[in-house]
Amino acid sequence: MAATIPKEQWAQVIEQTGGPVHYKKIPVAQPGPDEVLVNIKYSGVCHTDLHAMKGDWPLPTKIPLVGGHEGAGIVVARGELVKDVEIGDHVGIKWLNGSCLSCSFCQQSDESLCPTPLLSGYTVDGSFQQYAIGKAAHVARIPKECSLEAVSPILCAGLTVYKALKESGARPGQQVAIVGAGGGLGSLAIQYAKAMGLHAIAIDGGEEKGKMCKELGAGTYIDFSTSKNLVQEVKAATPDGFGPHAVLLLAVSEGPFQQASEYVRSRGTIVCVGLPANAFLKAPVFDTVVRMINIKGSYVGNRQDTAEAIDFFRRGLIKAPYKVVGLSQLQEVFDLMEAGKIAGRYVVDTSK
Ligand code: 8ID
Ligand code: ZN
């Protein structure tokens, strides 16, 4: 057992859908037989956390709710069935907190498709607190050489874009358009794309995000807020003018989901990742058929994808910018996020 586990802790609690978050003291939970208690040190703030607070999706959250699913910390207690996670291990609380491990999806390691998942910061309390519970089978294993603050955004943003790039089928040397490239997922997508030998065409709005995308390694930056002809510009950014082999849709607005089929290359793949509220996908059937366009979704990743995404980070291949603020400032981060003013990721420090 770790030296001291307090009875109470600081947390950010959503008391009603729509928000805001309340910074207050709540009890520390005890892990069940197959669970670990993690002293969360840092947690990235994902746009999903804002969707959860606002009630954007057709899936209700638990209320009251402690959000957060990019929590990096240290195991301080474990249930009696847990054998392969030790007290003192560095682990991550990710979106998929637990799954049944026995349905036909879990059996094939498609855990994110489990019909009875536990979702951190959504259906179970997540990482915007100092002590969070995770199912031992699902906590991400974090090597001790990784900085806990820098690795935290990998636990959702990094994992998700790494998986989406794999799902896109794009091969080294090919072009991938990243829509929403200046956000949390996008900034990491540029880095993973580069590490995987892909050329990134970054699309987002504003000069600050443009500068960041170029610094992260995007060959081209297209500003959707000023572009006169985005479709033309995306195609022109590919050597033969036929458009990118893949498109990662990470934006939190519906427009780009309708537009991607206009610039994706024939036989190319559009991967939907962003989850704007009440949004629908639309593409012309004619183009989809005669240009053999693939349109698919990608949803986080499994435990193996998690280990791989973290290993890219451990090897020093993934360096995306993040800003650290206190957990007490979470509402301010949500306000900036809502206004589209965050370039990269914010990480909250649970000690402040
Ligand atoms: O597993 C999944 N599929 C998964 C995992 C994690 C997150 C999905 N998500 C979802 C989130 O719920 C959210 O809907 O991905 C979306 C992006 O999350 P994020 O990266 O954490 O959000 P952000 O940091 O706010 O970045 C969004 C970016 O989109 C840009 C914004 O400027 C911002 O930089 N953007 C928008 I809004 N409209 C755009 C447009 N028309 C656009 N960029 C280009 N074109
Ligand atoms: Zn997330």
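Note that the structure is predicted; figures quoted are calculated from it, not measured. In each ligand, atom 1 is the first atom listed, and ligand 1 is the first ligand listed.
Within the listing of ligand 1, atoms 28 (C), 29 (O), 30 (C), 43 (N), 44 (C) sit less than 4.0 angstrom from a heavy atom of Gly180.
Residue contact annotation: His69 places an N/O/S atom under 2.8 Å from the Zn ion (ligand 2).
Heavy-atom separations between Arg345 and ligand 1 include at least one value shorter than 4.0 Å. Judged by the shortest distance from any of its heavy atoms, Ser298 lies inside the 4.0 Å radius around the atoms of ligand 1. Residue-ligand proximity: Phe257 is placed with every non-hydrogen atom at 4.0 Å or more from ligand 1. The closest approach between a heavy atom of Gly340 and any atom of ligand 1 is not below 4.0 Å. Proximity of Gly255 to ligand 1 is not established, as no heavy-atom distance is less than 4.0 Å.
Of all protein heavy atoms, the one closest to atom 26 (O) of ligand 1 is Gly183 CA, 3.4 Å. Protein heavy atom closest to atom 4 (C) of ligand 1, with residue, atom name and distance, is Thr160 CG2, 3.7 Å. Ranking protein heavy atoms by distance to atom 34 (O) of ligand 1, first place goes to Asp204 OD2, 2.7 Å.
Within a 6.0 Å radius of CZ in Arg171, no more than 12 heavy atoms belonging to other residues, nucleotides or ligands are found. Within 6.0 Å of atom CD in Glu8, more than 12 heavy atoms from other residues, nucleotides or ligands are found, so the atom counts as buried in its surroundings.
Looking at Pro239 and Gln175, their side chains come closer than 4.5 Å, going by heavy atoms from C-beta outward. Residues Val82 and Val75 are not in side-chain contact: their nearest non-hydrogen atoms beyond the backbone lie 4.5 Å or more apart.
Computed with the Zn ion (ligand 2) at the centre, the Cys156 SG to Cys46 SG angle is 130°, stated to 10 degrees.
With hydrogens and angles disregarded, a donor-acceptor distance shorter than 3.5 Å links the side chain of Gln108 to the backbone of Ser104. Without hydrogens or angle criteria, Glu111 side chain to Arg303 main chain gives a donor-acceptor distance under 3.5 Å.
Checked against a 3.5 angstrom limit, the closest N/O atoms of Val179 and ligand 1 fall outside it.
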